Each structure stands twice: as C-alpha cells, then as structure tokens.
There are 2 protein chains.
Amino acid sequence: MSLQHILLGIIAEPKSGYDIKQEFDSSLKHFWFAELSQIYPALKKLVADDLARVEGVPSDKGPDKKLYSRTDAGTQALIDWLHTGPATSPVRHGFLGQVFFMGTQKDREAALKFFKELKAHYQARYAALQAVEAGWKAQCPTYPDGLGDDDFFMQMTLDAGLRFQRSYMDWCTNSIDRIKSRYHD
Amino acid sequence: MSLQHILLGIIAEPKSGYDIKQEFDSSLKHFWFAELSQIYPALKKLVADDLARVEGVPSDKGPDKKLYSRTDAGTQALIDWLHTGPATSPVRHGFLGQVFFMGTQKDREAALKFFKELKAHYQARYAALQAVEAGWKAQCPTYPDGLGDDDFFMQMTLDAGLRFQRSYMDWCTNSIDRIKSRYHD
DNA sequence: CCGAGCATGTAAGCTGTTACATGATTAG
DNA sequence: CTAATCATGTAACAGCTTACATGCTCGG
C-alpha cells in the first residue's frame, strides 16, 4: 500500500509518470522503486480517489505529458500516512538465505567468491550514494544541517542509505576474514 | 523465486509444512518468512519437480504429518542456487519513504515520535536476536568460531542481523539528536 | 465444554514483474 | 536510416496476503 503514498509525496509539484520513474531511478532508488507499468495505473487510481488531479500538456518530444498533482485530500492522505507510525514491513534477504545454507556445499573458495561479489555490489551502491551526497555538498556549503526543512529530512534518508551500505560492507569484510582464518591458516 | 530454494535448504532433514512455518517464525525470521498458505503449495511443487519427496506419518495430535525431504536433484538445485551469485534484489523501505516526505508536515513532535517508535521497533528485534545468540553461546563455549561447519555459516546470518539492527538503531538515535538540536535548542 | 495448539489445505485478491504495443523526435 | 530518448499504456503472469474451511487432541 505504500506506492500510492510515495506517489502522493512526489507530486507535491506536478509530475508525469515518466518524470516519476526517473526520480525513482536516480535519487529515490535507495529506498523505493517501481516500474512504469505500475506507476501509470497507480496514478490513475489516485485521480479516481480524488487524491490527485491530471493536466495534459504538450511535450517537446513524443505524446502529451500528463502532469499529476495532489489535491488537498491527497496532501491530507499523505500526512495521515506519516501519522500511522513507521512502515516497517519485514524484509526478505535472499543472500542471507544463501549464506544460511552455504555449508551444504563444501567448496570454501565458492563461499569466498560469494562474499567478495556481495561486497563489490554494496561498494558500488555506496559509491552511488556518495556521488549523490557530493552533489548536495556542492550546492549547499553548510551541508547537512544548514539544509532547508524539507531537504533536512530527505538528507536523513541519504544518511540512512550510507550507513546501511557501510554496515553490509563491514559484515562482508568481516565474514571474508573469518572464512580465511578458518580454512586457510 | 527464492522461497523454493530456501525450502530446499530447510528440508535437509525431513520436515512438515507446519514445522517449517515454526522455523520461519523463530530462527529464520530475520531474513525470511512465509505464510502456511504459501508453504504448502510450494512444497507440493518441489515434489512435482522431483526436488523433494513426501512421507506421511501419523501425528500425536491432529492429522497425519507430511514430512518432506530433498532428493539428490534437490540438493543439486540448492547448490546451483549458491553458485548463481548473491541474491540481492533491491529492498523497499516504507519508513524511509515516510522520512523523505516528513517535511510535508510541520509538527516536529510528530517527527520525534516517529523516530522514537522506529528505534523501539529495532531495539525489540535486536533483543530477540541477542536472545538467539545467548542460546548458541550456552550450547557452545567456543562460540562463534568454534562452531561446526554448518553452524559457522548460519551464525554469520545472525551476526548480519545484529549488525543491521544496530545500524538502524544508530541512525534513529542520531536522527533524534539532530531533530532536537535543530528545533529545540 | 471450550479454547489453544497441531495439521492440512483452497480461494480470492492485491502487488509487482515481464513482455508487448504504439508513436513522435532527435542525434549520429 | 537507425538507435536512443520521450511518452503513453495493456496483458499475462508470478508472488504473497488474507480470509476461509476442516478436524483432531489436550489442558483447564
């Protein structure tokens, strides 16, 4: 049920489905993502529920853009969501399932390779978030606490992303060391 | 697609759907979970694919138990999964979406309340994992590196869980401090 | 006797993914 | 001319949740 609410958050300024997809793929992807085929019907439903309105405007390229913006009822629905308490649905980590059963296979080199790949994956994500942070720093010399009220909370999610990736990387590093000292020394 | 593989991992020893549900709810829930209504059909499919076999045995209470165990093909399918590389499907964090748009609402006390609730949530999860760890420590005096080969990897997922919860808690603590010093000082 | 735990499942519905379908403009 | 980007969607399918359905046994 969260996609509807996140879309409400995004359309504080008028945006098209295509615009929203690009935001997911750039700045929002560390905590949410969605395919266009999911975004378009979701936006339609917001309009049907009177939480958003549409306006068609001609585009430079391609067909008309449909710009969605939230209604007062939409803003209220968003605020209500913020008051329902933290949305902490349990998470499925496939890679932890793999580690849990890693002992089934006796090839310790494969285990090392697994953790090295995982570490590389999180390093890449970490670097991407650092690049986003560098952009913010360049725009605001008093980053992070000199940010405006809206940006202050948005930066907190970036901070969370950076912390979580570091935590994954640290676990990988430590696991690699433990496997090495158990089987190679 | 991971549930099938995780079930294959679990049925190294013969287990019923009901048994498996209990394992998810106790020791496995920090990285995976599933409902009985999802587990039963999934086990049937493993049998249809010749990755598992069933044996009905009478139960003390209630109807016969159906004990599932994996075939050689099932063991191979599990090992193949371990060799496909880390299963790192991107994760959706509803609570980060809420923080991202927290600025929509001007009530700073509500923001503090939100983070305090979130912190309490992760503290509870952390305490649960610490209890699991205490059980392991009681059973094995040389915990964690004196564990057997299978347990060694299983403990790694517990270590991951503890690290990740700590990371969430630290972020909450830090965010609470930042909100306080921004709006209350 | 009643509720909790044991033990099995089916069905409807929601969410999300992958594949398919269309068509304009612009850069190479 | 061709590929990429812009811009909209639909349809089929897979995965997961919630609700429903059945029946036994044991403790209070």
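All values derive from a computational prediction rather than experimental measurement. Because only heavy atoms are used, hydrogens play no part in the values below, and waters and symmetry mates are left out as well, while side chains stay in.
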J.: Classify the nucleic acid contact of B:Q4 as base, sugar-phosphate or nothing, counting any heavy atom under 4.0 Å across all strands shown.
T.: nothing
J.: Is it true that B:R182 and A:D145 have a side-chain N and a carboxylate O under 4.0 angstrom from each other?
T.: no
J.: Among the clusters formed by ILVMFWY side chains lying less than 4.5 Å apart, do A:L8 and A:F24 turn up in the same one?
T.: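 Both belong to a single hydrophobic cluster.
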J.: Nearest heavy atom decides the nucleotide; on that basis, is B:R92 or B:S16 closer to the 5' end of DNA chain C?
T.: B:S16
J.: So, is A:Q38 close to the C:dT15 phosphate, meaning a side-chain N or O under 4.0 Å from OP1 or OP2?
T.: no
J.: Can you identify which nucleotide, out of C:dG9, D:dC16, D:dG9, has its nearest atom closest to the B:Y68 side chain?
T.: C:dG9
J.: Closest approach of A:R70 and A:R53, non-hydrogen atoms and distance?
T.: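 Residues A:R70 and A:R53, closest heavy atoms: O-NH1, 3.6 Å.
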J.: When the nearest nucleotide of DNA chain C is assigned to B:L36 and to A:E35 on a heavy-atom basis, which residue is associated with the more 5' position?
T.: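 Taking each residue's closest nucleotide, the earlier one in sequence belongs to B:L36.
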J.: May I ask you to say whether A:E117 pairs ionically with A:K113, meaning some side-chain N is under 4.0 Å from a carboxylate O?
T.: yes
J.: Just checking B:S37: base, sugar-phosphate only, or nothing, at a heavy-atom cut-off of under 4.0 Å?
T.: base
J.: OP1 or OP2 of C:dC6 versus the side-chain N and O atoms of B:Y18: is any pair under 4.0 Å?
T.: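 Result: yes.
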J.: Tell me what B:K21 touches on the nucleic acid: a base, only sugar-phosphate, or nothing, going by heavy atoms under 4.0 Å.
T.: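 The answer is nothing, as B:K21 stays clear of every strand by at least 4.0 Å.
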